[in-house]
Visitor: 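Structure provided below as structure tokens; questions to follow.
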Amino acid sequence: QIEFQQIFPQPGWVEHDPKVILETVIDVLNYAYSYILSHPELGSIHDIKAIGIANQRETTVLWDKFTGKPLYNAIVWSDSRTNSTCNKLLAKSNGNRDVMRDLCGLPISTYFSGIKLRWMMDNVEGVKQAISEDRCLFGTIDTWLLWNLTGGVKGGVHITDVTNASRTMMMNIHTRSWDAVLCEFLEVPVNILPHIKSSAEIYGNLSCSKLSGIPLSGNLGDQQAAMVGQHCFHKGEAKNTYGTGCFMLYNTGEDVVQSSHGLLSTVAYQLGPNAKTIYALEGSIAVAGSSIKWLRDNLGIIRHAYEMDPLAGQVKDTGGVFFVPAFSGLFAPYWREDARGVLVGLTQYSTKAHIARACLESICFQTKEILEAMKRDSGVDLQRLRVDGGVTNSRLLLQIQ
């Protein structure tokens, strides 16, 4: 893994440099090549039969198909600048946030790629011009990487998979194709969108890095990839990833289940072009592990993430301190873009240990809300929750949960 820079141009804005993401991926591929050569006990380069991609799902990139250059920084999934775009869409739908939910499984929210695309079309002159001149390509991070890794301007494939497409607000969740009604609602041109493929098929061969020639044959949004990795292949099985945000997915089988309690209907996976499509209910939490990073980088309460458990473990409770880390609004089950973070209950008794414990508890409280919403939608008590993600290194958090 290689960490790369997060860009925060304004409050609520989060960006990545698409070129840096691509360079980082190529660096990782080259490192893997060198590592295998230096560890022959692991096998040989020829033992690598395929490469897959797991990516941040809603993070949105637009680029010039003739030059390969990004037209703007990637707008990250947690970015909340598109609140004004959401308000315009709500105004033309009489305030009904769920006006398109039956088609795409999603409410109107800053979270989803189609709304980020609409914002760029409205606010970035270079994007407007590129679209008018038929030079613009749209993609989530998987699409950007696949296009570049299979040749870029020299014949790179412009594709995405069903899991990533299901996070755009532009794919019909039932037909798994771009929907004219959805695209018209967002007023986006269909011709800039990638072809939708299954999550497991050969998309092309790697054309760069020291691993050139190896097929690229797997593509899943990161949370769906975690679901597959946790073997949640049966209806009723669920996993929760405690990462930058927190994402709980519940396998609903071949049925699209529409939530009445603030959850999302999404594609879980389709493992082959002729395979059945499996769906899931999802509870998305915008801020989980990133709240620990905020304590480290913004407040200086800790110097390293691993200091959280010892610090929070110094106290038996939060001493009445509560933390709501709504840095970019609240996602499921509330869907409030206008919410902002609060830290309440502070007294002279409060210490940084209380704040650290309140931070961990905030992740657990948000997860509990998602669990309760899933129970109300499914009518079933979840017997076991499989967990992963960097924040699961916190034993205290898992015990609190």
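Since this is a predicted model, take the numbers as computed values, not measurements. All heavy atoms count here, side chains included; hydrogens, waters and symmetry mates do not.
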Visitor: Sorted by first residue and then second, give each salt bridge (charged side-chain N to carboxylate O under 4.0 Å, His left out) pair with at least one member in residues 306-329; sequence neighbours left out.
Guide: Arg303-Glu307
Visitor: Check whether Asn94 reaches the backbone of Asn96 with its side chain - one donor and one acceptor, N or O, closer than 3.5 Å.
Guide: no
Visitor: Please determine, by modelled atom types, if Gln129 and Glu133 share a side-chain donor-acceptor pair under 3.5 angstrom.
Guide: yes
Visitor: Using the ring pair (Phe, Tyr, Trp, His ring centres under 6.0 Å) rule, collect all pairs that involve residues 120-164, keeping only residues at least two apart or in two chains.
Guide: Trp63-Trp144, Trp63-Trp147, Trp63-His158
Visitor: Only pairs at least two apart or in different chains count here, so list each salt bridge (charged side-chain N to carboxylate O under 4.0 Å, His left out) that has a residue in residues 267-293.
Guide: Arg57-Glu282, Arg167-Glu282, Glu254-Lys276, Lys293-Asp297
Visitor: Run the side-chain contact (heavy atoms from CB on, under 4.5 Å) test against Ile36 and tell me which residues pass, sequence neighbours left out.
Guide: Ile45, Ile48
Visitor: Check whether Trp119 forms a cation-pi arrangement with Arg81 (NZ or CZ under 6.0 Å from the six-membered ring centre, at most 45° off the ring normal).
Guide: yes
Visitor: Could you pull out all residues at least two apart from Tyr269 that satisfy ring pair (Phe, Tyr, Trp, His ring centres under 6.0 Å)?
Guide: Phe233
Visitor: Do any pairs count as a ring pair (Phe, Tyr, Trp, His ring centres under 6.0 Å) and have a residue in residues 193-216, sequence neighbours left out, and if so which ones?
Guide: none
Visitor: For Ser44, give me all partners under side-chain contact (heavy atoms from CB on, under 4.5 Å), at least two apart in sequence or on another chain.
Guide: His46, Asp47
Visitor: Please step through side chain to side chain donor-acceptor pair (under 3.5 Å) for the pair Asn164 and Asp161, ending with a clear verdict.
Guide: CA-CA 6 Å; Asn164 283 292; Asp161 91 304; 2.8 Å; yes
Visitor: According to ring pair (Phe, Tyr, Trp, His ring centres under 6.0 Å), does anything in residues 76-98 pair up with another residue at least two apart or in another chain? List the pairs.
Guide: Trp77-Phe247
Visitor: Apply side-chain contact (heavy atoms from CB on, under 4.5 Å) to the pair Lys210 and Leu29, showing each step before the final yes or no.
Guide: CA-CA 7 Å; Lys210 295 176 181 177; Leu29 290 169; over 6 Å; no
Visitor: Among all residues two or more places apart in sequence or in another chain, which pass the side-chain contact (heavy atoms from CB on, under 4.5 Å) test with Thr347?
Guide: Tyr349, Ser350
Visitor: Do the charged groups of Asp64 and Arg135 touch, with an N to O distance under 4.0 Å?
Guide: yes
Visitor: Applying salt bridge (charged side-chain N to carboxylate O under 4.0 Å, His left out) as the test, list every pair that has at least one member in residues 186-198; sequence neighbours left out.
Guide: Lys92-Glu187
Visitor: For Glu23, what residues pass the side chain to side chain donor-acceptor pair (under 3.5 Å) criterion, not counting sequence neighbours?
Guide: none
Visitor: Only counting residues at least two apart or in another chain, list the ones meeting side-chain contact (heavy atoms from CB on, under 4.5 Å) with Thr175.
Guide: Asn172, Ser177
